[in-house]
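For reference, the structure discussed in these notes is given below.
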Amino acid sequence: MSTIQIKDKKFALSITDAEIQAAVCKVAEAINRDMSGKDPLFLCVLNGAFMFASDLMKNVNVPCQITFIKLSSYEGLYTTGVVKEIIGLNESVVGRTVVVVEDIVDTGITMERILASLKAKGASEIHVATFLQKPDALQRDIQVDYIAMKIPNDFIVGYGLDYDGYGRNLKDIYTVVAD
Ligand code: 5GP
Ligand code: MG
């Protein structure tokens with residue numbers, strides 16, 4: 001189906017599962033090339049990145065560890081600008097190569113906060129792998145090493161991303177339809 005309804009909003013199919021999988025595989029190939037011998041710790045940012053992290057990690061073949069943190073900044077369709085840490089990092093990152101795995105870099109506020117925290121905790125090398133980036137929404141000067149896809153500045157759901165908790169299970173990406 002190419003149009004769906006979630007609560008009060010309509011969403012139209014914009015990126016298919018097949019396009020997503022091809023883009024994720026390319027990121028995994030680049031990571032396999034760059035992270036060989038670095039014993040990286042992958043840090044999946046919950047909730048949104050769970051599907052990307054799962055597909056990405058199935059295609060990463062360098063020895064590595066994976067862990068999770070949980071943050072929240074969105075309420076409904078809009079970022080609040082205030083990033084809440086709901087589950088923190090337990091592992092030591094001192095001297096480690098860390099690859100942050102995010103669903104989307106939007107304003108960059110969340111990523112800026114994660115990067116500052118990893119630096120303060122003593123990570124020696126920090127890289128960012130994001131499934132999506134909205135270049136037109138970026139408000140912070142952050143370096144994103146791996147980007148599966150770039151999208152316009154519209155609200156999307158699916159593939160881990162939600163509207164008010166719904167739509168995370170969709171395997172394709174849908175964009176909100178203006179009403
Ligand atoms: P930022 O701090 O870069 O503005 O936003 C980061 C977080 O906001 C992302 O990790 C994601 O969870 C959420 N977010 C940003 N844009 C969208 C969007 O279009 N749809 C959904 N569902 N979440 C988004
Ligand atoms: Mg996120």
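Counting convention: from 1, in listed order, for ligands and their atoms alike.
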Side chain of [X], backbone of [Y]: donor and acceptor closer than 3.5 Å?
X    : Y    : result
T16  : E19  : yes
D103 : L161 : no
R168 : G160 : yes
D172 : I20  : no
T67  : L43  : no

Can you list the ligand 1 atoms lying under 4.0 Å from a non-hydrogen atom of [X]?
X    : answer
T107 : 1 (P), 2 (O), 3 (O), 4 (O)
F155 : 18 (C), 19 (O), 20 (N), 21 (C), 22 (N)
D162 : 21 (C), 22 (N)
I156 : 18 (C), 19 (O), 20 (N), 21 (C), 22 (N)
D103 : 9 (C), 10 (O), 11 (C), 12 (O)
E102 : 10 (O)

Point to revise | Atom nearest to the Mg ion (ligand 2) - D103, N, O or S atoms considered | key: OD1
Practice item. Could you check which N/O/S atom of E102 is closest to the Mg ion (ligand 2)? Key: OE1
Any idea which part of [X] is under 4.0 Å from ligand 1, heavy-atom wise: side chain, backbone, both or neither?
X    : result
D106 : both
K134 : side chain
V157 : neither

Check your understanding: Should C64 and D39 count as side-chain neighbours, where that means a heavy-atom distance under 4.5 Å?
Key -> no
Point to revise | Residue K10 excluded, over 12 heavy atoms near NZ under 6.0 Å | key: no
Exercise for review: Begin with the C-alpha distance, continue with both residues' side-chain angles, and end with the deciding distance and a verdict on ring pair (Phe, Tyr, Trp, His ring centres under 6.0 Å) for F131 and Y159.
Suggested key: CA-CA 10 Å; F131 169 51; Y159 198 65; 4.7 Å; yes
Check your understanding: Under a heavy-atom criterion of less than 4.0 Å, does D154 contact ligand 1?
Key -> yes
Check your understanding: Do any heavy atoms of M111 fall under 4.0 Å from ligand 1?
Key -> no
Study note, to complete from the structure: Partner of I126 under side-chain contact (heavy atoms from CB on, under 4.5 Å), picked from L118, D145, I114, T97, is L118
Point to revise | The one among I173, L161, L138, V105 that brings a heavy atom closest to atom 23 (N) of ligand 1 | key: L161
